[in-house]
Amino acid sequence: MKIAIMGAGLSGLACAITLEKHKIPFTIFEKRSQVGDRFVNGEALISALTRPISDPIAYLSEKHGINLQVLSPMRHILFFSEKEQSVLSGQLGFINLRGRDSKSFENQLFKQVKTPIKFNSTHTYEQLLQDFTHIVLATGDAAYTSKIQDFQTDLTVTLKGATVEGRFDRHKVGIWLNYDVAPQGYAYLLPYSEQEACITLAYPDYPTNREFDLNKLWEKFYALACRDFKQPLPITDRFEVTRYIIGLCGQPRIGNTFFVGNCFGAVMPGFGFGQFESIMTGIYAAQDLCGLGHYSDLTQPLRESYKNSLVLRRTLELLDNSQLDRIVSLVHHSLTQKVLNHEKLNPLKLASRLLRPWVSIKQKTNPKKQEG
Ligand SMILES: Cc1cc2nc3c(=O)[nH]c(=O)nc-3n(C[C@H](O)[C@H](O)[C@H](O)COP(=O)(O)OP(=O)(O)OC[C@H]3O[C@@H](n4cnc5c(N)ncnc54)[C@H](O)[C@@H]3O)c2cc1C
């Protein structure tokens with residue numbers, strides 16, 4: 001077996017670490033000149049969305065020997081809708097760094113890989129096929145997947161973000177559910193430290209949303225972030241991502257090619273979380289290569305989560321600001337807090353079961369919004 005991993009991001013590096021643990025040799029290719037050589041941003045892991053695993057960091061360490069340090073545990077999420085505000089508290093998840101910072105998740109994974117990475121790679125998938133028997137496609141987008149097989153694109157997303165300075169509680173995150181600012185999307189503030197945070201605006205590029213001017217929406221969001229965090233938030237760095245694809249591959253493995261991370265479809269359509277899922281696909285591909293299971297079976301629960309999360313996405317885009325106000329006001333409710341914090345409950349699965357019939361009725365009577 002001659003294995004090539006194409007891409008040294010979360011999924012490719014998780015695959016590399018797992019193969020090394022089982023003493024299986026491989027070659028890993030990375031297009032950039034170093035790991036994580038892109039903008040720095042804050043990302044999050046939300047425990048309620050990774051159930052049945054409530055602590056993904058402990059799970060990766062104890063079950064798979066992959067060790068990651070987060071910036072902070074997330075203890076409070078402040079929800080802001082057009083007219084309501086509420087707080088969810090508990091052991092809600094983690095905040096971590098991505099990109100070219102040495103503390104980013106990809107750089108932490110890189111330090112756990114002993115095999116040298118072939119940087120500045122210009123090898124195409126087709127070229128790698130000539131020299132390797134097995135390929136793990138981990139390029140972080142669906143370009144190759146769509147070329148090779150059916151990839152169901154459910155939406156593409158526009159993201160605009162910035163690093164801001166200010167005074168922050170590092171355990172407190174802000175989420176805005178306000179369609180005047182993020183049409184059918186969301187915006188959030190994730191603190192890096194007590195002095196710095198990342199603010200991000202994300203919304204789907206449905207035809208109805210393409211008429212919006214991103215810069216105007218950004219200005220509105222920025223004003224809200226300053227107002228709701230009660231301070232000016234001077235910007236020190238910016239990033240923008242256009243048409244970020246969210247979808248799912250038809251087959252996780254075709255012949256000897258494994259589709260991992262975003263090549264598999266690891267980003268959950270509800271709120272765009274995909275870090276944990278990407279790492280897991282990398283681990284599962286390696287386990288298959290080590291003879292420890294079948295990649296398609298191992299990734300089946302991730303496909304289920306994706307489908308549940310898609311119900312959540314379709315629900316969100318059928319709502320309007322007054323319904324979002326009602327939802328945000330419910331976050332205060334002790335039952336909501338209990339369900340979201342209860343380790344044995346899977347809120348995503350539960351919500352998808354309850355909402356699926358409503359979504360399908362609504363889509364039949366109002367089929368307009370989702371063609372992207
Ligand atoms: C702005 C933004 C915010 C996000 N926020 C969150 C969040 O809060 N929580 C969360 O869980 N998820 C979040 N996500 C999603 C998460 O970042 C992704 O799911 C995850 O990074 C995907 O991992 P991956 O291994 O597929 O790709 P990556 O980690 O992106 O790695 C892909 C690697 O492949 C390399 N590569 C590309 N092409 C080639 C090639 N031809 N040859 C060799 N190498 C190549 C790239 O340079 C890169 O190093 C966010 C995504 C974005 C864009």
Side-chain angles (χ1 to χ4, degrees), residues 4-16 27-47 49-50 56 68 70-71 74 93-100 104-107 109-110 117-128 135-145 147 156-162 173 175 185-190 198-202 238-246 249 258-283 285 302 305-306 309:
I5 303 175
M6 192 174 182
L10 297 192
S11 56
L13 292 167
C15 182
T27 309
I28 176 162
F29 297 89
E30 167 56 48
K31 154 178 108 166
R32 294 183 169 122
S33 58
Q34 59 190 76
V35 166
D37 192 15
R38 64 154 173 92
F39 61 86
V40 175
N41 69 316
E43 297 195 3
L45 296 163
I46 304 277
S47 305
L49 301 177
T50 54
L68 290 167
V70 297
L71 288 176
M74 193 190 293
F94 301 98
I95 305 163
N96 66 280
L97 263 189
R98 296 295 308 276
R100 62 176 73 89
S104 72
F105 264 9
E106 46 271 64
N107 272 309
L109 292 174
F110 173 48
I117 295 177
K118 293 195 182 297
F119 287 110
N120 301 309
S121 166
T122 55
H123 290 80
T124 62
Y125 168 69
E126 291 76 14
Q127 285 165 338
L128 293 181
I135 301 194
V136 179
L137 259 179
T139 54
D141 59 45
Y144 272 120
T145 317
K147 234 167 103 178
T156 65
V157 178
T158 293
L159 292 128
K160 188 172 166 89
V173 164
I175 296 184
Y186 45 89
Y188 52 88
L189 179 148
L190 293 173
C198 175
I199 55 172
T200 308
L201 169 69
R238 293 171 190 271
F239 66 87
E240 212 172 296
V241 179
T242 48
R243 295 191 76 75
Y244 188 68
I245 295 175
I246 300 188
C249 69
F258 295 79
F259 300 85
V260 302
N262 289 1
C263 300
F264 165 86
V267 186
M268 297 294 132
F271 286 101
F273 293 100
Q275 298 188 101
F276 178 65
E277 293 75 7
S278 293
I279 293 172
M280 289 314 301
T281 55
I283 294 171
L302 298 179
S305 291
Y306 181 95
S309 188

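Start at 1 and go down the list; that is how both ligands and their atoms are numbered.
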Select the closest option to [atom] among [options], judged by heavy-atom distance.
{"atom": "atom 25 (O) of ligand 1", "options": "Ser11, Ala142, Gly261, Gly274", "result": "Ser11"}
{"atom": "atom 42 (N) of ligand 1", "options": "Arg32, Met6, Met268", "result": "Met6"}
{"atom": "atom 43 (C) of ligand 1", "options": "Glu240, Glu277, Gln275, Lys31", "result": "Lys31"}
{"atom": "atom 6 (C) of ligand 1", "options": "Gln34, Arg38, Glu106, Glu43", "result": "Glu43"}
{"atom": "atom 23 (O) of ligand 1", "options": "Ala8, Ser278, Gly93", "result": "Ser278"}

Please confirm whether Phe239 approaches ligand 1 to less than 4.0 Å, judged on its heavy atoms.
yes
Could a heavy atom of Ser121 be found less than 4.0 Å from some atom of ligand 1?
no
Give the contacting part of [X] toward ligand 1: side chain, backbone, both or neither, where contact means a heavy-atom distance below 4.0 Å.
{"X": "Ala138", "answer": "backbone"}
{"X": "Phe29", "answer": "backbone"}
{"X": "Tyr188", "answer": "side chain"}
{"X": "Val267", "answer": "side chain"}
{"X": "Asn41", "answer": "side chain"}

Identify the two heavy atoms, one from [X] and one from [Y], that lie closest to each other, and give their separation to 0.1 Å.
{"X": "Ser11", "Y": "Val260", "value": "OG-CG2, 3.5 Å"}
{"X": "Glu30", "Y": "Gly9", "value": "OE1-N, 4.4 Å"}
{"X": "Tyr144", "Y": "Met6", "value": "CE1-CE, 3.6 Å"}

For ligand 1, which is the ligand I care about here, please tell me if Val241 has any N or O atom under 3.5 Å from one of the ligand's N or O atoms.
no
Do Gly12 and ligand 1 have an N or O pair less than 3.5 Å apart?
no
Which ligand 1 atoms, with their elements, are less than 4.0 angstrom from a heavy-atom of Asn262?
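Listed by number with element: 18 (C), 19 (O), 22 (C), 26 (O).
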Going by the order shown, which atoms of ligand 1 are within less than 4.0 Å of some heavy atom of Gly272?
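Near Gly272, meaning under 4.0 Å from one of its heavy atoms, ligand 1 has 6 (C), 12 (N), 13 (C), 14 (N), 15 (C).
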Does a side-chain N-to-carboxylate-O contact under 4.0 Å join Glu126 and Lys147?
yes
